[in-house]
Amino acid sequence: MIVERSERNPILTTKDVPFKANSLFNAGAIKFNNQYLLICRVEMPNGISALVKAWSKDGIQFKVEDKFFLTAEDHHQFYEYVQWGIEDVRINPLNGEYYLTYTGYSPNEPVVLLARTTDFEKVEILGTISEPVNKDAVLFPEKINGYYWKIDRPAISPTQGNMWINQSPDLLHWGNYRRLISTRKPWWDSDKIGASTPPIKTEKGWLMLYHGVRIIGTSMIYRQGVLLLDLNEPYKVLGRSKEPVLSPEETYERVGDVPNVIFSTGWILEDDGQIKIYYSGADSNICLATTSVEKLLSMCEEEGC
Ligand code: BMA
C-alpha cells in the first residue's frame, strides 16, 4: 500500500467550524512552532470562500479558529480580482518566510495571488502573479540557478489545461514559460491537470503531487498522482506515476458538494521521511493520508514517465 487513509477521516468537516459555513476543504499545510497548521478554505453561507486556520499538536486532531485568517475584503487594491472569494491556498516555505499562493475568483476569472507571512498572524498581500485563467500555483522552496520557480495551470477552457513552469528574479515578475506536463488521453489524467502540493527536495529530484481530472459523461473525477522533477533543471520530468496514488473510493470522497473528488493542496514531510497528505473528499471535508518519500519515489521509478 503506497498511501494509507487515516481511520479518523474525515478529520475536519463543517461541524468543526465555530461559525456558520457551507464547507471546509482544500487546506494548505505546514509545521510551524512545533504545531501542525492547516489554512483551510471555508465557503461561507453566501457561497464566497475565505481562509481560516486550524491548529493541531499531532497532525490529526485539529481545532479551527473562530475568526478568518484572510478574506476577499482584506485585499483592498486587489479586491477586483478576489471579490468572489479566495480559494485553495498552498503554503510555500521560502527564504525563511512563508509564501501563500492562492486563487482569486472574480468576474475577471481565476488568477493566482501571492502573499507573505512570517508568523501566520500578519499577512502582506503582494498581488496577482498570473493573468486569467490560471490557478493551482506552487513555488519551489529555494532558488534554482539563481531564480525562483513556479508551477501553475493556465486553462484553455474550464475542462482543459496543462501544467506550466516559469521563473522569476523577484517572485513578482515571471517569464520563460515552459509546458511541464500535459494531460494523457485516455487515462485518469486525460482532461485537466494541476499542481497539488509544493515540491519537496529529495535526493532523486523534486517530488510533488498533482491532480488529474477525467471527464466521464457529464461528471469529472479528480485523482492525485506523483511527479518527480530534475533538481537543477526543474522543467525536466524524471518520473510521473502511471496510476493515481489516491482515487475517490470512500463515501466521504464520493459524496458531497462535488462528487468523486480527491483534491490535495498541502502535505507535511516529517524528519523520518514520512509524509502526511492533507486532502479533501468531494469538496466537503479535510482528510489525512500517510505515505513516505520512499514509497512515492518508488512509484515514479517503477511507473516511469
Ligand atoms: C477545482 C477547484 C477546486 C475544487 C476542484 C474540485 O477546479 O475549483 O477548488 O476542489 O475543482 O471540484
Side-chain angles (χ1 to χ4, degrees), residues 9-10 12-14 21-29 38-44 47-52 70 72 81-91 100-113 130 132-138 151-164 183 188-198 209-225 244 246-250 252-267 277-289:
N9 278 350
L12 282 176
T13 68
T14 313
N22 279 346
S23 184
L24 186 79
F25 61 123
N26 294 359
L38 297 180
I39 302 183
C40 318
R41 170 175 170 189
V42 60
E43 193 190 282
M44 293 178 283
I48 289 181
S49 290
L51 303 179
V52 67
L70 201 63
Y81 305 104
V82 298
Q83 70 179 92
W84 290 350
I86 51 173
E87 307 179 352
D88 305 352
V89 68
R90 275 74 167 182
I91 307 173
L100 310 176
T101 44
Y102 52 100
T103 307
Y105 192 39
S106 77
N108 294 303
E109 298 291 335
V111 291
V112 178
L113 283 107
S130 81
V133 172
N134 202 317
K135 47 165 79 171
D136 299 321
V138 295
I151 297 173
D152 58 15
R153 205 282 305 285
I156 306 166
S157 78
T159 54
Q160 256 186 301
N162 292 323
M163 284 162 64
W164 286 62
T183 51
W188 59 275
D189 50 359
S190 19
D191 294 292
K192 254 197 315 186
I193 49 175
S196 285
T197 56
L209 296 182
Y210 73 99
H211 57 265
V213 179
R214 182 169 181 205
I215 300 174
I216 298 185
T218 52
S219 65
M220 299 202 231
I221 305 181
Y222 279 75
R223 300 181 171 96
Q224 296 296 312
L246 272 170
S247 284
E249 283 168 19
E250 304 293 335
Y252 55 80
E253 299 162 349
R254 293 252 184 220
V255 179
D257 282 0
V258 185
N260 297 316
V261 171
I262 291 204
F263 200 83
S264 175
T265 39
W267 63 359
I277 301 174
Y278 293 95
Y279 71 94
S280 293
D283 280 1
S284 299
N285 54 47
I286 296 172
C287 297
L288 169 66

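One-based numbering, in listed order, for ligands and for the atoms of each. From a predicted model like this one, the values you see are computed outputs, not experimental measurements.
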Residue part near ligand 1, for Thr103, under 4.0 Å between non-hydrogen atoms
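For Thr103, no heavy atom sits under 4.0 Å from ligand 1.
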
Looking at ligand 1, is there an atom of it that comes within less than 4.0 Å of some heavy atom belonging to Met220?
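It does not; every heavy atom stays at 4.0 Å or beyond.
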
With a 4.0 Å cut-off on heavy atoms, is Arg41 in contact with ligand 1?
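The answer is yes, since Arg41 has a heavy atom less than 4.0 Å from ligand 1.
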
Thinking salt bridges, do Asp88 and Arg41 make one under a 4.0 Å N-O criterion?
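Arg41 and Asp88: salt-bridged.
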
Look at atom 1 (C) of ligand 1 and say which protein heavy atom is nearest, naming residue and atom and giving the distance to 0.1 Å.
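Ranking protein heavy atoms by distance from atom 1 (C) of ligand 1, first comes Tyr222 OH, 3.6 Å.
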
How far is atom 12 (O) of ligand 1 from its nearest protein heavy atom, and which residue and atom name does that atom have?
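Sorting protein heavy atoms by distance from atom 12 (O) of ligand 1 puts Asp283 OD2, 2.7 Å first.
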
List every atom of ligand 1 that sits less than 4.0 Å from any heavy atom of [X], numbering the atoms from 1 in the order shown and giving each element.
X	answer
Asp88	2 (C), 3 (C), 9 (O)
Val261	6 (C)
Lys135	2 (C), 7 (O), 8 (O)

Report yes if the side chains of [X] and [Y] come closer than 4.5 Å at any heavy-atom pair, otherwise no.
X	Y	result
Arg90	Asp136	yes
Tyr102	Ile86	yes
Leu24	Leu12	yes
Tyr252	Cys287	yes

Using a plain distance cutoff, I'd like to know if Glu87 has any nitrogen or oxygen under 3.5 Å from a nitrogen or oxygen of ligand 1.
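The answer is no, given that Glu87 and ligand 1 share no N or O pair closer than 3.5 Å.
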
Mark yes or no for whether Gln160, through its side chain, and Lys192, through its backbone, hold a donor-acceptor pair below 3.5 Å.
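No.
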
Parallel, tilted or perpendicular: which fits the ring planes of Phe263 and His211, with parallel below 30° and perpendicular above 60°?
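Aromatic pair Phe263/His211 classed tilted.
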
